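Everything below concerns the one structure shown next.
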Amino acid sequence: MTASALDAALALQPTIRAHRDETEANRRLAAPIVAGLVETRLCRMALGEELGGLATPGVEALRVYEALAEAEASVPWIVWNASLVAFFSRFLREPARKEIFADPRWLYAQSTNPVGTAEVDGDGYRLSGRWPLVSGCELADWIAFHARVTENGTPRTHPDGSPETRFFFARRADCEILDTWYVGGLRGTGSQDVALDDLRVSHEKSFDLFGPAEEMTSIVGRVPIFPNVSAILAAQMLGVAQGALEALTEMAQTKVTPGPTLDLRDRPPAQSAVSVHGAAITAARGHLHETTDAIWATTAAGRAPLAEETAATYAA
């Protein structure tokens, strides 16, 4: 399954490039790109196979994100946001997890910003608020919202005095999407604001990010979340850099400079820059893969990664 994920990403590149202008103009991924993501299940790389996921190992997933980013930065950003929801699935009890991830064609979005409120209501909560920058919200079937828990209008706190927060899953159909995403970069992510007004969410469809996780058999369900998703972010940046370098190299083959000045491809400073930055990308990629692989290998062996291993991944 891991090889097919990378093959699928590479096969999707021509479609992504062909619809870049449409993605940019509409401020959301073009429909053929979305169809490709659904068909390949690339948004489910961080889910176990029992939930219709690909359970793609760390370094293989990084290669997928880099390949997508070479074609269009907005595409892996959407996949990354959906994957974060998939990583969070370990905090849900099994019945809710099976319900929320029941259909392999469903897509997901999330907001980790705890700007909403969740008022305790019997065995559930009443969720209200407005969350900004919810990437992929218009494409999603389910959205996870972070909110502060209140009871009788008063914020609940942990014993150390910190506010109690939880994540809550809601159907996209129950949400109001506000047209706010007018930006210069990552326009295709469709990162609109999303609002909810007194939506009841059962306790089972919520979780505490720092609470107990379910015992998962797959490595993808046990690997530390935040070092891994940080590595995924880095892979996207490497993909953007690689794409830029390739675009420059391609342009230099045909660009003619008027007058006596050397053409771009023949200028020693340009040649040096391509070499230096190409080597830097290769070195950064190797370091990122090495540190990510170490965390996954440690997890596969049934041990928690050492602080030094986690720190190395963040550094990479």
Side-chain angles (χ1 to χ4, degrees), residues 46-48 80-101 108-135 137 140 142-171 174-175 193-216 220-233 295 298-299 302-311 313-314:
L47 272 179
W80 175 74
N81 275 270
S83 292
L84 187 55
V85 177
F87 277 119
F88 287 165
S89 66
R90 69 184 66 177
F91 295 105
L92 293 167
R93 305 288 81 83
E94 186 175 6
R97 190 165 62 246
K98 287 184 174 180
E99 178 183 350
I100 292 170
F101 296 96
Y108 303 86
Q110 51 78 27
S111 174
T112 58
N113 194 353
V115 294
T117 59
E119 173 70 14
V120 175
D121 180 36
D123 60 350
Y125 304 85
R126 293 285 179 178
L127 187 61
S128 300
R130 175 171 172 169
W131 288 261
L133 304 174
V134 186
S135 300
C137 57
W142 289 87
I143 304 177
F145 298 96
H146 200 189
R148 302 180 302 274
V149 178
T150 62
E151 190 168 11
N152 298 321
T154 301
R156 292 207 313 203
T157 59
H158 295 293
D160 63 0
S162 61
E164 180 181 340
T165 65
R166 295 183 70 84
F167 279 85
F168 300 85
F169 278 92
R171 291 273 195 177
D174 293 326
C175 306
D193 287 14
V194 179
L196 293 172
D197 184 19
D198 202 36
L199 177 69
R200 194 176 195 286
V201 180
S202 67
H203 183 77
E204 289 71 23
K205 289 187 177 65
S206 75
F207 65 88
D208 180 354
L209 185 60
F210 300 100
E214 290 285 276
E215 289 289 334
M216 308 292 283
V220 75
R222 295 183 284 115
V223 71
I225 294 175
F226 291 108
N228 205 63
V229 296
S230 297
I232 291 171
L233 272 177
I295 282 184
T298 299
T299 304
R303 302 189 303 272
L306 299 173
E308 291 84 351
E309 292 176 309
T310 300
T313 302
Y314 281 128

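Along the sequence shown, the residues carry numbers beginning at 1. From a predicted model like this one, the values you see are computed outputs, not experimental measurements.
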- Task: Kindly assign one of parallel, tilted or perpendicular to the pair F207 and F91, based on the angle between their ring planes and the thresholds 30° and 60°.
- Result: parallel
- Query: Is the H146 ring parallel, tilted or perpendicular to the F167 ring (thresholds 30°, 60°)?
  - Reply: parallel
Return the minimal non-hydrogen interatomic distance between [X] and [Y], and the atom names on each side.
{"X": "W80", "Y": "V229", "answer": "NE1-O, 3.2 Å"}
{"X": "L127", "Y": "A147", "answer": "CD1-CB, 3.6 Å"}
{"X": "V134", "Y": "A109", "answer": "CG1-CB, 4.1 Å"}
{"X": "P305", "Y": "E309", "answer": "CA-OE1, 3.3 Å"}

- Message: Could you work out, with ring pair (Phe, Tyr, Trp, His ring centres under 6.0 Å) as the rule, every residue matching F145, not counting sequence neighbours?
- Response: W131
Which value, rounded to the nearest 0.5 Å, describes the distance between [X] atom [atom1] and [Y] atom [atom2]?
{"X": "Q110", "Y": "C137", "atom1": "CD", "atom2": "SG", "value": "11.0 Å"}
{"X": "F101", "Y": "F169", "atom1": "CZ", "atom2": "CZ", "value": "5.0 Å"}
{"X": "F210", "Y": "T165", "atom1": "CZ", "atom2": "OG1", "value": "7.0 Å"}
{"X": "L133", "Y": "D193", "atom1": "CG", "atom2": "CG", "value": "6.5 Å"}

- Note on the structure: Between E94 and the options K98, R97, R90, the salt bridge (Lys or Arg N to Asp or Glu O under 4.0 Å) test singles out K98
Close side-chain approach of [X] to [Y], heavy-atom, < 4.5 Å:
{"X": "F87", "Y": "F226", "result": "no"}
{"X": "I100", "Y": "E204", "result": "no"}
{"X": "W142", "Y": "K205", "result": "yes"}
{"X": "N228", "Y": "I295", "result": "no"}
{"X": "T313", "Y": "S230", "result": "no"}
{"X": "S128", "Y": "L196", "result": "no"}
{"X": "R166", "Y": "H203", "result": "yes"}
{"X": "L84", "Y": "Y108", "result": "no"}

- Would you say the side chains of N113 and S111 form a donor-acceptor pair under 3.5 Å? no
- Message: With side-chain hydrogen bond (donor to acceptor under 3.5 Å, both in side chains) as the test, pick out the partner of R126 among D197, T150, D121.
- Response: D121
- Message: Keeping E119 on the side-chain end and G153 on the backbone end, is there a donor-acceptor pair under 3.5 Å?
- Response: yes
- Between the main-chain N or O of T154 and the side-chain N or O of N152, is there a donor-acceptor pair closer than 3.5 Å? no
- Basic-acidic side-chain contact under 4.0 Å: D123, R200: yes
- Message: Would S89 and L47 count as a side chain to side chain contact (heavy atoms under 4.5 Å, CB included) here? Give the steps.
- Response: CA-CA 8 Å; S89 66; L47 272 179; 3.7 Å; yes
